[in-house]
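Read the numbers this way: they start at 1 and go in the same order the structure lists the ligands and their atoms.
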Amino acid sequence: MTSTASLSTRAGGGGTGPAFGKFFLPGPTDVHPEVLEAMVRPMIGHRSSAMEKLLQGVAPKLGALARTSRPVLIGTNSATGFMEMAVRNGVRRRALSLVNGAFSERFAGIVNASGKECIRLDVPLGSAVEPDMLRDALRRTPVDAVTCVHSETSTGVLQDVAAFAEVVKEFDDVLLLVDAVTSMAGSPVETDRWNLDFVFTGSQKALALPPGLAFGVASERMVDRAKTLEERGAYFDLISFLAAMTKFQPTNTPAVSLLYALEVQLARIDREGGIEARWKRHDAMRRRVEAWSAEVGVKFLPREGRHSWTVSCLRVPEGKHAKDVVAALKQRGWTIGAGYGALKDSTIRIGHMGDHTVEALDELLPLIGQAFA
Ligand SMILES: *Cc1c(COP(=O)(O)O)cnc(C)c1O
C-alpha cells in the first residue's frame, strides 16, 4: 500500500510534512488520510448514472448533517460562492448586515457588490450582535433580509442564530441568511427547527474535507423569494440548482474527486455516531481550551458564553507577538492560525474543528503555554 504511505504524509512544496492531527488552522483544516485516498479514484461522467447514484447516496446524509428535510445543494466553489448565492437569490432591495468580523464584513460587501442596499449593524471585534439589538435595528429600518455569520472565524464568536430567527419572524417578509461555515458539522445548526431561510457551509472547515465544495439549504420562503428576483445571475441561480439537485444531477461539471471524498467522509461521520456525536466532540474540544485557559490565565477574545465550538481566539500576552507564537509552534511540528485582520498581532486562533480530538489538544495546549511564557 505505497499510496497509503505517501498519502498519510503531508506534501508541502514537494516534500512531506507532519502526519495527520497537528494542523489546526481555522480552515482549511486537517483532512484524514482515508478521505485523501478517496480522491485517487478514476473519473466518472458527470451525466452518468454513477454520478446520479453518488449524489442520491449522499443526499440523506447531508440532510441529517444540516438537520433539514429540504434538499442540500452542493456547489463546486468555496463557501463565498454560496454567500453570493444567498444575496442574489434572497435580497430584494435592502439587507441588514450584522457585522462583527471579517467574514460578516465580506457578507455585507457582497450585498453592496450585488447592487443592493446594505444597512450595517456593527459591533466591536470579539462581540456578538445580541437579539435585542437586531430587533431594534429591524424596527428602525425596514429591510427584506438579514445577513449574519453564525461562528465568526476571525474572532471566534458564536452568535445566537436561533434567537435571531425568532426575532426575524416578528417582522413581515424578512429572510434570514446565515453563514454557518465554521458552525455546521461542528456545533448545532438546526436548519428546519430554527427556520433558517438560507444556510451554507464550505467543505474545508468543520467537515474536514479539502477546500472546493460548498453546501447550502434554502427554505421554501427563500425559493419563493428567489423566483421573484430577476437578477439572480446564472452560476449561482438557486432555482436551477434546486431543479438539478432534486434530480440528483450537478448543475455543471462538478469537482468529481471532491465528491468521492465527501462520500467517504459522510460514512466516517456515520461511524462516529452521526452529527450529534460530532457536535459532542467539538463541544469537548472547546471546553478543553476553556479549562486550559482558565488554568493558565490566558484570555479568550469573546466573552464567556459566546465561544465558537470550532475556533478559539485567544489573546496573546502583553509583549508577545502572534506571529512569533505561530512560528514557535511550527518549529515543533504544529500549525495554528495567527489573528485575522486588525487582530493579526494580538490574537492567535486554534481551529479545533473537523476530525481533531481532545487528545491532540492535550498535546498542543502546553506547547502554546510555553510559547506564551
Ligand atoms: C472560511 C470562511 C468563509 C469563506 O470561505 P471560502 O471557502 O474561503 O470562500 C466564510 N465565512 C466563514 C465564517 C469562514 O470561516
Side-chain angles (χ1 to χ4, degrees), residues 23-31 66 73-88 90 97-111 113-114 123 125-129 146-161 164 176-189 196 198-217 235-236 254-255 258 261-262 265 282 286 301-302 306-313 335-341 343-344 347-354 356:
F23 190 75
F24 281 78
L25 269 195
T29 192
D30 228 345
V31 179
L73 314 175
I74 306 174
T76 293
N77 49 269
S78 86
T80 305
F82 273 12
M83 210 180 244
E84 182 153 343
M85 179 187 268
V87 170
R88 288 196 169 258
S97 290
L98 312 185
V99 179
N100 66 330
F103 293 104
S104 40
E105 177 81 50
R106 182 181 299 183
F107 218 162
I110 290 177
V111 172
S114 304
V123 294
L125 293 179
S127 301
V129 171
V146 173
T147 73
C148 68
V149 173
H150 192 190
S151 164
E152 177 48 83
T153 316
S154 61
T155 61
V157 168
L158 187 71
Q159 302 199 104
D160 191 350
V161 162
F164 289 172
L176 182 60
L177 314 175
V178 182
D179 169 330
V181 179
T182 52
S183 56
M184 190 176 281
S187 62
V189 177
L196 307 181
F198 192 75
V199 59
F200 62 91
T201 189
S203 52
Q204 80 277 24
K205 306 282 171 88
L207 267 166
L209 287 163
L213 294 179
F215 307 93
V217 183
Y235 199 74
F236 293 119
L258 290 172
L262 170 67
Q265 181 65 330
H282 282 84
R286 164 185 68 111
L301 179 71
R306 288 279 176 260
H307 297 171
S308 166
W309 292 22
T310 58
V311 50
S312 290
C313 184
T335 303
I336 59 168
Y340 198 108
L343 302 164
K344 194 162 159 271
T347 64
I348 56 155
R349 293 173 306 146
I350 311 170
H352 39 78
M353 66 180 96
H356 283 305

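The salt bridge (charged side-chain N to carboxylate O under 4.0 Å, His left out) search around Arg349 returns none, not counting sequence neighbours. Thr182 meets the side-chain contact (heavy atoms from CB on, under 4.5 Å) test with Ser151, Thr153, Lys205, Thr310, Met353; sequence neighbours excluded.
Ring geometry for His356 against Phe24 counts as parallel: the plane angle stays under 30°, on a 0 to 90° scale with 60° as the upper cut.
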Run the numbers on Thr155 and Thr347 for side chain to side chain contact (heavy atoms under 4.5 Å, CB included), then give the verdict.
CA-CA 9 Å; Thr155 61; Thr347 64; over 6 Å; no

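Ligand 1 has an N or O atom lying under 3.5 Å from an N or O atom of Ala79, backbone or side chain. Residue Lys205 places at least one N or O, backbone or side chain, under 3.5 Å from an N or O of ligand 1. Inclusion of Thr80 in the set of residues having an N or O under 3.5 Å from an N or O of ligand 1 is warranted. Among the atoms of Glu152, none of the N or O lies under 3.5 angstrom from an N or O of ligand 1.
If you number the atoms of ligand 1 from 1 as listed, the ones under 4.0 Å from a heavy atom of Gln204 come out as 6 (P), 7 (O), 8 (O). For ligand 1, the atoms sitting less than 4.0 Å from at least one non-hydrogen atom of Thr153 are 12 (C), 13 (C), 14 (C), 15 (O), numbered in the order shown with element in parentheses. Those atoms of ligand 1 that come under 4.0 Å of a heavy atom in Val149, given as number and element, are 13 (C). Of all the atoms in ligand 1, the ones that sit under 4.0 Å from a non-hydrogen atom of Thr182 are 15 (O). Of all the atoms in ligand 1, the ones that sit under 4.0 Å from a non-hydrogen atom of Ser151 are 13 (C).
In this structure, Arg306 and Ala128 approach most closely via the heavy-atom pair CD-CB, 3.5 Å. Taking all atoms of both residues into account, the shortest heavy-atom contact from Phe164 to Leu98 is CE1-CD1, 3.7 Å. Of all heavy-atom pairs spanning Val181 and Thr201, the tightest one is O-OG1, 2.9 Å. Residues Gln159 and Cys148 come closest through the heavy atom pair NE2-CB, 4.4 Å.
Nearest non-hydrogen protein atom to atom 6 (P) of ligand 1 is Ser78 OG, 3.4 Å. Taking atom 11 (N) of ligand 1 as the reference point, the nearest protein heavy-atom neighbour is Asp179 OD2, 2.6 Å.
Heavy-atom distances between His150 and ligand 1 stay at or above 4.0 Å for every pair.
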